[in-house]
Amino acid sequence: MATGKLNVIALISGGKDSFYSLLHCLRHGHRIVALANLHPPVPSTADSQQDEADLNSFMYQTVGHEVVPLYAEATGIPLYRQPIAGSAAHHERDYAHDASAPVVDETESMMTLLCAVKERHPEADALCSGAILSTYQRTRVESVAARLGLTPLAYLWKYTALPAAPAEDDESRLLLDMAAAGLEARIVKVASAGLDEGHLWDCVSSEAGAGRVKQALRKFGAAEGASLGEGGEFETLVVDGPACLFKKRVVVPEQGTRVVREGGGSVWLLTRGAHLQDKDASDADFSVNVRVPELFDPKFAQVLDDLVARPDEPSEPVIAGYETQPLSKTSIVSNAGPELLAWNFISDETYEASLIAEETKSIVRKLKEALTTNGLSVAQLTTVIIVLRNMADFPKINQEYGSIFDSPNPASRVTISCGNLLPEGRNVMLYATTPPASPTLTRDGLHVQSRSYWAPANIGPYSQAIEIPITRNLVALGPRSVYVAGQIPLIPHSMTLPAPSGTALAEQITLSLQHLWRVGAQMKVQQWTSAVAYFDRAASAEDMRRRARLAGWAWHAMHAAVPDDEEDAALDPWDLKYNAQYASLAVSSKPAPLPDWEVFPMRQQNEPGTCVPPFFAVEVEELPRGAAVEWHAHAGLSGLAEASTQMVSHDESRLDGWRSWSTVVRAEGGVFVHTVLADVGDSGTKATVGGVAATAQAKYREAIRLLGADVATAEAPYLMYVDKDSMAGWGEALHDVQLPCAIVPSYSIWTADGKRASCVAVFRLSVGAS
């Protein structure tokens with residue numbers, strides 16, 4: 001993904017959002033090389049009734065299209081237009097292009113148009129659109145952009161959820177931001193209870209106009225995004241803008257408008273005689289006055305300030321000895337099958353470093369064979385961890401790995417380099433998880449490819465998050481697991497790291513943690529089970545201890561803070577149109593806060609330190625983009641009922657040198673237990689990989705006994721971090737035996753309070769209700 005100044009094709013509909021997003025492109029120094037617009041097909045006859053029919057496209061605004069040709073001269077930017085072909089053949093929220101489909105979706109009209117634009121402007125390398133809340137629109141623009149090699153820009157994506165200046169939680173603040181930028185946007189269509197033809201031609205990008213719309217919609221309990229027209233409540237036409245963009249003003253004569261009533265509350269304006277008017281440039285302000293949201297939410301800004309002010313204070317150790325209700329009076333019987341299939345792939349042969357593409361192909365073949373054997377496809381992969389010897393190989397691995405995905409929402413992914421800790425002759429290892437094949441289990445994802453102010457766009461073939469149900473014997477228990485991709489501290493709108501400074505490490509720790517929180521909040525995560533922060537190679541053990549303490553302090557601070565509603569997930573307009581649950585414009589319920597203390601029993605809520613999930617810092621060789629830190633939450637939990645969850649921990653005195661943390665979730669159909677074990681004892685001896693795993697399994701069985709039950713068979717961890725100084729025979733293990741689980745070889749592992757660990761093992765278990 002390009003990170004410098006871009007040559008942008010701006011999709012415009014005539015509406016406020018596309019023009020305001022275009023202004024943000026100018027604000028960041030990008031060059032607008034062309035405007036692109038799709039309009040209704042030209043009537044085959046001069047039939048006035050046909051001329052007065054609105055196409056009502058789900059993808060494109062068509063009202064006001066007769067004014068759009070004036071924008072070329074008004075802005076001095078070349079304009080390219082083509083008619084819309086087809087209709088919304090694919091109503092799915094997430095779009096996947098299918099060249100073999102018998103019916104062509106209207107989205108593909110954009111492809112045809114942009115191909116023509118690129119022929120005239122081969123320098124174009126980016127595509128700008130005005131998506132604010134609609135995944136339906138965003139994913140369609142991203143699909144076309146990806147196929148044309150264009151960087152998608154959606155600066156307004158989740159813009160209303162980001163910190164404002166001054167801070168306000170009013171989504172209509174965006175309309176006032178547009179007014180401050182000099183945009184004059186007039187309402188040309190209404191299609192919602194509360195809005196009628198009396199609102200037509202109101203200037204919505206003004207304090208009076210925004211207030212009038214908001215007041216009218218509020219009477220009918222309008223959904224989130226309604227005051228911006230995100231659910232189709234109204235559409236706008238921009239007639240003027242700041243001097244940096246509009247050289248002339250669009251004028252529509254009073255007698256040139258005709259009200260068209262379609263029925264069902266839909267009313268719009270047909271314009272005639274629109275023309276351009278010169279503007280007085282003698283005292284024009286050519287600056288780009290758009291509000292760029294603050295980089296940090298207020299709570300994360302406070303965390304950053306605290307990290308800078310108190311860099312050497314360790315976080316409190318998260319060991320409180322809270323006791324849970326017994327899981328069962330008898331032993332836990334193994335499930336008929338695993339909740340998640342977990343695979344570990346490494347090449348059978350050794351490869352020279354220069355043959356990384358061939359080595360990756362061999363591993364990808366193994367992955368595809370495993371999927372096929374289990375009746376699965378790559379579209380069902382949940383999460384992947386890729387461990388490299390050299391981070392410089394990342395682009396080649398991306399190309400081979402990414403070639404297997406042809407549908408929306410690929411697996412979430414964590415990528416790290418462990419350098420020469422990989423066995424000799426092996427340059428890449430891949431670990432993957434997926435639920436067993438089942439026609440009843442649902443999967444959802446968040447796959448944002450556009451650059452915005454919200455969180456980093458994905459920089460490879462992965463999703464920001466994948467959500468699946470927690471199951472027992474393929475029956476959903478109710479709660480769901482969310483697997484978030486590794487988060488590095490890229491500034492979202494530029495996709496670059498923060499500038500080097502004396503506080504850069506604290507800034508990177510805080511920014512990447514904020515990304516994790518924003519993605520989690522969007523996926524309605526209520527609680528994390530555990531997390532690691534990967535750090536690149538440290539100069540010394542003391543340096544790594546300091547990093548661990550900083551990250552541990554930030555993690556603890558975010559669980560000590562009182563959550564707020566700043567990151568409310570919006571109801572997508574796709575849901576309003578296609579999901580029966582949200583068919584009306586009822587007020588959408590606010591998502592649960594993160595963390596959501598109400599999922600814990602009151603006794604544990606009163607001891608907030610006992611609710612903090614475990615955190616570890618893991619030292620590896622290198623991270624993507626040269627980042628100093630990458631946050632990886634093992635799992636987020638959503639759909640948790642009130643008082644259904646307990647966090648239980650035991651210190652090393654109970655487990656002979658090991659610590660344990662268990663998240664216990666009770667649901668109607670069973671109990672889910674996520675357990676993390678850390679060996680913090682100092683034995684001074686090395687063990688084989690198999691020996692470390694066997695010890696972890698034995699300690700896990702003891703930890704489950706401390707929860708009041710016993711496991712009939714010793715469960716293996718699904719992920720394990722092992723300090724290189726505690727490993728023996730690592731390379732030989734890969735030749736002689738099957739790896740017991742996904743293993744991340746580490747230079748060092750640290751607890752939140754700065755204590756070194758030789759091993760961290762992660763387990764999950766679903767059992768019958770007790």
Tell me whether D125 contacts the main-chain N or O of N7 through its side chain, where contact means a donor paired with an acceptor under 3.5 Å. yes

Quick check on K279: does its NZ atom have over 12 non-hydrogen neighbours (other residues, nucleotides or ligands) under 6.0 Å away? yes

Got V250 and L276 here, is their nearest side-chain heavy-atom distance under 4.5 Å? yes

Within the 3.5 Å criterion, strictly below it, is a donor on R138 or S134 matched to an acceptor on the partner's side chain? no

Counting only N and O atoms by type, is there a donor-acceptor contact under 3.5 Å from the side chain of S172 to the main-chain atoms of S227? no

Does either side chain, that of D285 or that of S287, offer a donor lying less than 3.5 Å from an acceptor on the other one? yes

Which heavy atom in W157 sits nearest to a heavy atom in S452, and how many Å separate them? CB-CB, 3.9 Å

Check step by step if side-chain contact (heavy atoms from CB on, under 4.5 Å) holds for R93 and T139. CA-CA 8 Å; R93 182 186 59 188; T139 57; over 6 Å; no

Let me confirm one number: the OG1-CE distance from T112 to M110, rounded to the nearest 0.5 Å. 10.5 Å

Quick test of your reading: applying salt bridge (Lys or Arg N to Asp or Glu O under 4.0 Å), list the pairs with at least one residue in residues 114-124, sequence neighbours left out, ordered by first then second residue. R31-E123

Quick one: does any side-chain atom of S463 pair with a main-chain N or O of P410 as donor and acceptor, under 3.5 Å? yes

Classify the ring geometry between Y453 and Y155 as parallel (under 30°), tilted (30 to 60°) or perpendicular (over 60°). tilted

Mutual orientation of the aromatic rings belonging to H24 and Y159 [parallel < 30°, tilted 30-60°, perpendicular > 60°]: perpendicular

Side-chain (S403) to main-chain (E400) donor-acceptor, under 3.5 angstrom: yes

Whether R451 side chain and T151 backbone form a donor-acceptor pair below 3.5 Å: no

One should read off an interatomic distance between I397 CD1 and T360 OG1, to the nearest 0.5 angstrom, of 4.5 Å

Please walk me through it: do F405 and H447 pass ring pair (Phe, Tyr, Trp, His ring centres under 6.0 Å)? CA-CA 13 Å; F405 296 101; H447 187 210; 9.2 Å; no

Do P461 and R413 come close enough that some side-chain heavy atom pair is under 4.5 Å? yes

Between R625 and E630 (salt bridge meaning N to carboxylate O under 4.0 Å), is one present in this structure? no

Test your reading of the model: is there a side-chain donor-acceptor pair from E108 to the backbone of A85, 3.5 Å cut-off? no

Kindly write out the residues that satisfy ring pair (Phe, Tyr, Trp, His ring centres under 6.0 Å) with F246, not counting sequence neighbours, or none if the list is empty. F19

For H30, enumerate each residue passing the ring pair (Phe, Tyr, Trp, His ring centres under 6.0 Å) test, keeping only those at least two apart in sequence or located in another chain. none

Using every non-hydrogen atom in the two residues, find where L127 and L114 come nearest and quote the distance to one decimal. CD2-CD1, 3.6 Å

Could you walk me through whether H121 and I9 satisfy the side-chain contact (heavy atoms from CB on, under 4.5 Å) test, starting with their C-alpha distance in whole Å, then the side-chain angles of each, then the deciding distance to 0.1 Å, before giving a yes or no? CA-CA 9 Å; H121 299 275; I9 302 170; 5.9 Å; no

Would you confirm whether Q487, through its side chain, and A455, through its main-chain N or O, come within 3.5 Å as a donor-acceptor pair? no

For a 4.5 angstrom cut-off between non-hydrogen side-chain atoms, does L270 reach E66? yes

With a 4.5 Å limit on heavy-atom distance, are the side chains of R291 and L176 in contact? no

Between D17 and G130, the two heavy atoms sitting closest are CB-O, 3.4 Å

Between E142 and S450, do the side chains contain an N or O donor and an N or O acceptor separated by less than 3.5 Å? yes

